[in-house]
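What follows is a set of notes on a single structure, which appears directly below.
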Amino acid sequence: MKFNQLGLTAELVTAIESQGYTEPTDIQAKVIPQVLNGKDILACSPTGSGKTLAFGAGILNTCTKWGGIQALILTPTRELALQVTTTLQKCAQPLSIHITELTGGVDLATQRQEIRSAHIIVGTPGRILDHLTTKSLSLTKLQYLVLDEADRMLEAGFNKEVHAILKACPTKRQTLLFSATLSKESKQIAKKYMHTPFHIKTETNVNPDQLYHTYYDVTHEQKFPLIVHLLKKTKGIVMIFCNTRRTVDRLTMNLNYYGLKSLAIHAGLEQVQRNEHLETFHKREISILVCSNVAARGLDILNVSHVYNYDMPQTSTEYIHRVGRTARAGKNGTAISFVSSGEHGELRLIGREATIKIEKQRLPPLIPLKNTIDFRSVVPLFRRGQGTKNKKGHETRNRRK
Ligand code: ADP
Ligand code: MG
């Protein structure tokens with residue numbers, strides 16, 4: 001299958017192929033003709049399967065320079081908005097179609113200016129709604145509404161905003177809903193706002209035979225020495241997931257202290273820092289990324305060889321999303337979970353619900369690492385001033401991820 005067999009204009013096919021994409025992925029081959037047919041789409045396909053271009057190509061194919069804002073793409077995070085914008089911009093440039101990103105962290109006045117020349121808007125629900133409320137964004141010419149990573153967006157608490165935005169869109173439009181999983185909430189959105197959507201589901205591109213699931217039985221205190229031991233023993237491109245941003249900060253600081261260069265990414269970082277960290281990781285200047293769940297979904301980080309669950313995820317879906325960062329595109333990957341006494345319930349749940357075998361590993365002899373930096377005694381790096389000091393001058397916990 002080639003891109004020129006899908007009904008796209010020759011100009012767009014050239015733009016796509018000049019990105020080095022020779023063949024459409026499974027989801028692209030299935031979605032693009034349906035979008036061109038004017039259908040609403042409900043697509044469920046895993047991270048890394050090429051969803052961006054699956055909805056992007058159809059939109060770019062019909063967008064015109066004179067048409068005003070013709071498409072709105074909603075994403076759950078700023079990172080994803082940036083990623084979608086960058087990907088689509090490359091194909092849009094030769095067609096003189098402008099894509100504008102509207103997310104928090106950038107001032108409204110600048111964005112208002114940019115909206116004027118936009119044909120496609122990519123943004124997070126909160127900020128889009130801000131612009132709709134203040135009438136700086138008008139959707140009267142809208143033809144496409146895309147909900148990218150719909151489940152993640154609804155889970156992140158954007159339910160109200162998403163409904164409000166959907167109501168603000170012209171009724172005569174195409175709605176394209178994309179997600180790695182399809183929750184009840186996503187299906188409700190589909191039922192309420194979509195016209196007999198075309199259902200598309202593609203298989204995982206994470207090859208289950210190439211993903212090896214393991215776990216270690218540990219005490220809470222053994223987690224840090226164990227991760228240091230394992231990271232020193234096996235080299236690779238590593239993502240480590242923790243459940244709170246506090247743990248992310250603390251672990252990153254301590255790994256760096258022990259000579260394991262690593263970067264943190266979580267929602268408490270300034271946007272510029274998050275982008276910088278991701279870029280550094282992409283360039284492989286640093287090969288350890290410590291993240292909270294915010295980074296688990298949708299982010300396109302290729303060739304990750306090891307995914308660590310420093311803390312166990314709470315659900316099997318979350319586990320699948322995290323470990324889905326590895327064993328992609330024909331490569332092998334290893335998922336390593338640290339299970340402390342309170343986390344066996346999660347382990348059992350994940351094994352059962354995801355029907356995977358997570359193999360127990362023998363704990364290696366560990367050297368106790370006494371000199372770790374205590375997070376209470378240092379000013380945390382890279383955080384927005386959200387923690388507050390209590391009487392003793394200690395930072396109080398901040399559980400937001
Ligand atoms: P998803 O949104 O499903 O997670 P993305 O759209 O982010 O996936 O794409 C994942 C990766 O696959 C990106 O690096 C992208 O450049 C690449 N990709 C997308 N489409 C193709 C294609 N047709 N051929 C080769 N690589 C592609
Ligand atoms: Mg995506």
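First listed ligand is number 1; within each ligand, the first listed atom is number 1. Only this structure's heavy atoms are used, side chains among them; waters, hydrogens and symmetry mates stay out.
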Rounded to the nearest 0.5 Å, how far does [atom2] of [Y] lie from [atom1] of [X]?
| X | Y | atom1 | atom2 | answer |
| --- | --- | --- | --- | --- |
| Leu366 | His229 | CG | NE2 | 6.5 Å |
| Leu230 | Tyr308 | CG | OH | 4.5 Å |
| Glu101 | Thr85 | CD | OG1 | 4.0 Å |

Quiz item: Only one of Met312, Lys360, Glu343, Glu359 forms a side-chain contact (heavy atoms from CB on, under 4.5 Å) with Tyr215, so which one is it?
Solution: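 One option only clears the test, and that one is Lys360.
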
Exercise. Answer with side chain, backbone, both or neither: which part of Phe3 has a heavy atom less than 4.0 angstrom from an atom of ligand 1?
Key: side chain

Quiz item: Hey, is Gln19 touching ligand 1 through its side chain, its backbone, both or neither, going by heavy atoms under 4.0 Å?
Solution: neither

Practice problem: Report the member of Gln28, Met1, Lys51 with the shortest heavy-atom distance to atom 2 (O) of ligand 1. | Solution: Lys51

Short list, please: which atoms of ligand 1 are under 4.0 Å from a heavy atom of [X]?
| X | result |
| --- | --- |
| Glu23 | 22 (C), 23 (N), 24 (N) |
| Thr52 | 2 (O), 5 (P), 6 (O), 7 (O) |
| Ser49 | 1 (P), 3 (O), 8 (O) |

Quiz item: Among side-chain atoms of Arg173 and Thr175, is any donor-acceptor pair under 3.5 angstrom?
Solution: yes

Practice problem: Decide, yes or no, whether a salt bridge links Asp249 with Arg245 under the criterion of side-chain N to carboxylate O below 4.0 Å. | Solution: no

Quiz item: Hey, is ligand 1 close enough to Leu53 that some N/O pair sits below 3.5 Å?
Solution: no

